[in-house]
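To start, the structure itself, in structure tokens.
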There are 2 protein chains.
Amino acid sequence: MASSDEKPDDSDTGLGRPGARRKPKITINDIARMAGVSKKTVSRVINDAATVKASTRDKIKALIKEYDFSPDPQARALAFRRSFLVAMIYDNPSPQYIVNMQRGILDALAGSSCQLVIRPCDRNAPDFYDMISEFIEQQRLFGAVLPPSVSEDDHIAEMLREADCPYVRIASVELDEPHRMIRTREAHGAAEAARHLARLGHRRIAHIRGPESFRSSHERLRGFQDGLSEFGLHLKDDDIVFGGYTYETGYECARLLLAKPERPTAIFAGNDEMALGVYKAAREIGLTVPADISVVGFDDTPIASRIAPYLTTVHSPIRDIGYLAGKLLVEGPKGAKGGLTSITPELVVRESTAAPAF
Amino acid sequence: MASSDEKPDDSDTGLGRPGARRKPKITINDIARMAGVSKKTVSRVINDAATVKASTRDKIKALIKEYDFSPDPQARALAFRRSFLVAMIYDNPSPQYIVNMQRGILDALAGSSCQLVIRPCDRNAPDFYDMISEFIEQQRLFGAVLPPSVSEDDHIAEMLREADCPYVRIASVELDEPHRMIRTREAHGAAEAARHLARLGHRRIAHIRGPESFRSSHERLRGFQDGLSEFGLHLKDDDIVFGGYTYETGYECARLLLAKPERPTAIFAGNDEMALGVYKAAREIGLTVPADISVVGFDDTPIASRIAPYLTTVHSPIRDIGYLAGKLLVEGPKGAKGGLTSITPELVVRESTAAPAF
DNA sequence: CTGAAAGCGCTTACAG
DNA sequence: CTGAAAGCGCTTACAG
């Protein structure tokens, strides 16, 4: 067998630069030969298999370290019938959310042999399920993490199960088995926002909620109502308007709300984007935040702490959530810090809320 | 050979759910058998190899379509000695930038068999080069795209060349062979900003530049100076201060600038983040934008069109840049729309600039 | 224009 | 505790 150390120059495939001479990559066979064992035994130590004699294991580990060997992911994947790819599949439009979650997952993947593959998608595309399905079948993923709102899609979850692909869904409600979920207790943060406004003395309060199709928008509304009711307050039907989680819809909704004869003294927006729209609407009709109108957001995006006045909002530790999700995939249910699979967003009080003027 | 259509139940590897029955995946062998040819011939049509008889090709293509067959990426990767992974390696901290570029690359990868793997990194980490090097050696990437400032690191580029990995560097200056570069003509946008301010009548103008270590910060400064000089204006040394491309540094620099006896009437910030810091500094000392001080940013992040007053800034089509980079990798130099490998950012005039008050 | 053989670098299933 | 054989699903190198 011609497993010589030197490859002839014409082994170049044409994909590379002519004359580029790859240093011959060391393989499991080389390690095995040097250790005087079979490659199967080397494979065992690579995969932390149960039973290898300590001395053999040590010798092999030393060799692996000395030659800086690490097994080829492609070959492993082929033999394992499973790639070393973790996919993040998402439709969330917020860059900050996406980037933070990617970081969190990556934090958890560091040191594992997995890489993070990203897959943004559009749930409204006609071929949405076909695309995702093809992707899942093809890649034989090591795992997938699904933030909202894809996480809320039971069909996707089923495709994943069908393909035998582990996954973690991130959502504000329990919509799958616990070991496949990270629960974000958004109702809690929303309730805090309600209490904060109630304590400041607000009585006429409005809410711009997110779309019907997002579970989070229900949870935020529910939590907010719960918090208010502790103070004997409640949201009247026409003090709840539907926004689309965007700047523009936040603006439009606020215009409606602020034009009412009995104008609210505080508005809780379903997310920061919409809260910024409220700022704009207030400005336009000469209202000052927070003197004339208090505003609370949700998410704590970077804009919240850069705009004037700084926005009071509910902070979700997205990166931590991503980390937990990644750990759950890489280490299994016991991996995620003692089985912690829920996260509680907290209110951050800044400048956009004050006692009502009247 | 027991390549039966039915796999026994105990073929389950333990990685999956017990009893989970994977539908037997169709392989190149199945297609070959059904087409009555060798698998090598099927391989040829998969890879668009030159010479396959038209009728044979058609028959195979029909079969592929009928059975919705697509070759296993892991197996292909192993045989090709090259994975189907395109990596985006970056240290840019701006979420909007990152997300847009990811989208652009993904746009270009759609339809290819490549997936996008992301690799954020910290150039200041002690093991920075080791990490990247290991990553590159291990993954046998199909290609890599490097936005600033990793793109400016010649050592990384060399590691990539060494590993025979195609790459595209995105930068404001020509720092590699043309087919390995997307050039962003940032000096052009900065010059436009200068002309805009000069035409408004500003004479006392300051610039908060980015860090020495970013090529872009030099280019933006240079372009700005060029634009000013067309009007016989120039930046005095102490009207140029060093920021760090962050909100905080923008604020600090603006405080210095605005405290000067001869206060500037306009400030060109090296990016939007710093421009927001200028807003804050101005607000603090009772200055109104743009009545008392005009502000221009660079990047056109989403905040620019959400904050009051809307920020005049230079828009870079990041997603387009990512698309070009992706195309360059997937289709080679001729792939990127007729060899277009440069992008020109343009000024977007909004509300933060006006004629000086004096 | 097409195929048989060998191989990519690992792991599984089975023995011992 | 360890190994020889077969195989994962493709492609390369070589023939014809």
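Bear in mind that the values here come from a model prediction, so they are computed numbers and not experimental data. Residue numbers begin at 1 in each chain, while the letters A, B, ... track the order of the sequences. As a basis for the values below, the full set of heavy atoms in this structure was taken, side chains included, without hydrogen atoms, waters or symmetry mates.
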Given [options], which nucleotide is nearest the side-chain atoms of [X]?
X: B:Arg76; options: C:dG9, C:dT2, D:dT11; value: D:dT11
X: A:Leu78; options: D:dC10, D:dG9, D:dT2; value: D:dG9
X: A:Asp72; options: D:dG3, D:dG9, C:dC10; value: C:dC10
X: B:Ala79; options: D:dT11, C:dC10, C:dT2; value: D:dT11
X: A:Val37; options: D:dT11, D:dG3, D:dC8; value: D:dG3
X: A:Arg44; options: D:dG3, D:dC1, D:dC10; value: D:dG3

Less than 4.0 angstrom between a side-chain N/O of [X] and OP1 or OP2 of [N], yes or no?
X: B:Thr41; N: C:dG3; result: yes
X: B:Asn29; N: D:dG9; result: no
X: A:Thr27; N: C:dC8; result: no
X: A:Ser43; N: C:dC10; result: no

Using modelled atom types and a 3.5 Å cut-off, is there a donor and acceptor pairing between side-chain atoms of B:Ser83 and backbone atoms of B:Gln139?
yes
With sequence neighbours left out, the residues meeting side chain to side chain donor-acceptor pair (under 3.5 Å) with B:Arg183 are none
For A:Met131, look at atom CE and say whether over 12 heavy atoms of other residues, nucleotides or ligands are found less than 6.0 Å away.
no
Spacing of A:Ile60 atom CD1 and A:Lys65 atom NZ [to the nearest 0.5 Å]
16.0 Å
Given atom [atom1] of [X] and atom [atom2] of [N], what is their separation to the nearest angstrom?
X: A:Ile26; N: C:dC10; atom1: CD1; atom2: C1'; value: 15 Å
X: A:Ile28; N: C:dT12; atom1: CD1; atom2: P; value: 11 Å
X: B:Phe80; N: C:dG7; atom1: CZ; atom2: C1'; value: 15 Å
X: A:Gln74; N: D:dC8; atom1: CD; atom2: C1'; value: 13 Å
X: A:Asp58; N: D:dC1; atom1: CG; atom2: C1'; value: 15 Å
X: A:Lys59; N: D:dC1; atom1: NZ; atom2: C1'; value: 14 Å
X: B:Arg33; N: C:dT2; atom1: CZ; atom2: P; value: 19 Å
X: A:Lys40; N: C:dT12; atom1: NZ; atom2: C1'; value: 7 Å

Give none if C:dA13 has no partner; otherwise give the nucleotide forming a Watson-Crick or G-U wobble pair with it, both distances under 3.5 Å.
none
Using Watson-Crick or G-U wobble geometry with both distances below 3.5 Å, tell me the partner of D:dA4, or none.
none
Which residue lies toward the 5' end of DNA chain C, B:Gly36 or B:Ala75, if each is placed at its nearest nucleotide?
B:Gly36
Considering all heavy atoms of both residues, which atom of B:Leu141 and which atom of B:Cys165 are nearest to each other, and what is their separation?
CB-SG, 3.8 Å
Quick one: which of A:Pro71, A:Ser43, A:Ser38 gives a side chain to side chain contact (heavy atoms under 4.5 Å, CB included) with A:Ile28?
A:Ser43
Do the side chain of A:Arg81 and the base of D:dG7 come within less than 3.5 angstrom through a donor-acceptor pair of N or O atoms?
no
